[in-house]
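In what follows, chains are A, B, ... by sequence order, proteins preceding strands, each numbered from 1.
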Protein chains: 2
Amino acid sequence: MCQDVVVPADSRVRRTREEILSVAARLFAERGYAATSTRLIADAVGIRQASLYYHFPSKEAVLAELLASTVRPSLELCRDLEAADLAPAEALRRLVTFDVGVLLRVEGNVGLLYALPEVGTDPFSTFRTERAELRDAYARLATAALAPGVHPVTADLVLGLVESVIPLRRDSPKLPPPDEVGEALAAAALRMLGAG
Amino acid sequence: MCQDVVVPADSRVRRTREEILSVAARLFAERGYAATSTRLIADAVGIRQASLYYHFPSKEAVLAELLASTVRPSLELCRDLEAADLAPAEALRRLVTFDVGVLLRVEGNVGLLYALPEVGTDPFSTFRTERAELRDAYARLATAALAPGVHPVTADLVLGLVESVIPLRRDSPKLPPPDEVGEALAAAALRMLGAG
DNA sequence: ATTATCTATAGATCTATAGATAATGC
DNA sequence: ATTATCTATAGATCTATAGATAATGC
């Protein structure tokens, strides 16, 4: 058994690695994955293009790590909420406000990464699986909260409604504070389901 | 004055040009703009890479034409509806069902093109202007239909809700018929605004 | 004669690797 | 001594142009 290599949280290599992630997230979201060269990322970080490959084995690995970090917190909350035996409408309200808060606050509008067409290709299938889990959790909660007489497809619209804050944030710079948008959107989702 | 050059609707050049557009739309939506090479498009059409440049001056021009053709029909309907002096809720219901129908029926899920990050770059600013017009029209109608006591930001969510059928179509292959989804979504939008 | 396509290629990328060197920390 | 970066470059693209040739239609 060998000991884990301990990297202090503020070591130089750690900071560089995280700056690469942060810069790449912003550039991928703004310009697209294929249109963002490793040179462009490196220049923005202030290192040479080849030095990226000390921190990541490939450009794909950079995007893969970004994607993983965006979906995991929501997935964990989903599991907690489903275990907590709340009324479906209340569980959904909490999930929606949490996700809207994250999407509006995260730097660089990283939520846009979900929609990158390249994410549909083979190297990112792990992320797609995790994302499908999140979609299913939303659909289960929304279906349970659905009022009689409301068309069942409405339950599949909730996640899309939540994520519509991503382009909204890009296109409408003057938005109310995240918490206010989150509560308004959660209330809108519940009205939409007839669960007001 | 010179006469316009008349190109018959089914001429060979016209068919090739339209097949380029159709194939490019599908590939851009599936794989992204930068990740789709002119060679890949040409191979799928069955011509040589260089022959694309007889029909289009650049790769950008192909995407620009696709974008223009997707936003224009909705913009025209918007203008008609605003002129027709309907109740805002009814005008919005018609606009929503129309757009959902188009987005669900158009071949190759071309709606995904809206979200391509490359669309945010300079060469596509004309499209972005037209798209901003559509967004404003949605916001005007939705604001007019908003019930008292409902948070105003809710009006800005309607377009996002409509466009959430684009990823829905990609991720949930088994969806009800377009008309049914359109009506369910329009009803959901009106409930969300408190205008049920 | 004109239109639509082809072959061939220039010139500019891009990712990733090899091997050298500078900075860090015991 | 190890870690993090650098320079240099191989090899594979990619867009767009030049000029030749085949198909079309009067």
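- In this structure, CD of A/Glu19 is placed 11 Å from P of D/dT5, rounded to the nearest angstrom.
- With a cut-off of 3.5 Å on both pairing distances, the Watson-Crick or G-U wobble partner of C/dC6 is D/dG19.
- Atom OH in A/Tyr53 sits about 22 Å away from atom P in C/dA20, given to the nearest Å.
- Look at CG on B/Leu52: it is 14 Å from P on C/dT7, rounded to the nearest Å.
- With a 3.5 Å ceiling on both atom-pair distances, the Watson-Crick or G-U wobble partner of C/dT24 is D/dA1.
- In the displayed structure, B/Arg48 atom CZ is contacted under 6.0 Å by at most 12 heavy atoms of other residues, nucleotides or ligands.
- Salt-bridge formation is detected for the pair B/Arg79/B/Glu133: a Lys NZ or Arg NE/NH1/NH2 atom is positioned less than 4.0 Å from an Asp or Glu carboxylate oxygen.
- Summarising the geometry, the separation between CD1 on B/Ile47 and C1' on D/dA23 is reported as 15 Å, rounded to the nearest angstrom.
- The residue A/Ser37 sits close only to the backbone: its heavy atoms come under 4.0 Å of sugar-phosphate atoms, none of a base.
- Taking 4.0 angstrom as the limit, B/Thr38 places none of its side-chain polar atoms (N or O) nearer than this to OP1 or OP2 of D/dC14.
- In this entry the distance linking CZ of A/Phe56 with C1' of C/dT17 reads 18 Å, nearest Å.
- Comparing atom distances between the A/Ala50 side chain and each of D/dA18, D/dA8, D/dT15 picks out D/dA8 as nearest.
- Two residues, B/Ser58 and A/Arg48, neighbour DNA chain D, and the one matched to the more 5' nucleotide by heavy-atom proximity is A/Arg48.
- Taking only side-chain nitrogens and oxygens, A/Tyr54 comes nearer than 4.0 Å to OP1 or OP2 of D/dA4.
- Side-chain proximity of B/Ser51 to C/dT5, D/dT15, C/dA8: nearest is C/dT5.
- Counting heavy-atom neighbours within 6.0 Å of B/Arg128 CZ, excluding the residue itself, gives a total above 12.
- Taking atom CZ of residue A/Arg39 and atom C1' of nucleotide D/dT9, one finds them 12 Å apart after rounding to whole Å.
- A/Gln49 places its CD atom 11 Å from the P atom of C/dT17, with the value rounded to the nearest Å.
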Test side chain to side chain donor-acceptor pair (under 3.5 Å) applied to A/Glu180 and B/His151, step by step: CA-CA 9 Å; A/Glu180 195 178 323; B/His151 194 295; 2.7 Å; yes
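- Ring pair B/Tyr33/B/Phe124 is perpendicular by interplanar angle, where above 60° counts as perpendicular and below 30° as parallel.
- As a whole-Å value, the separation of A/His55 NE2 from C/dT15 P is 17 Å.
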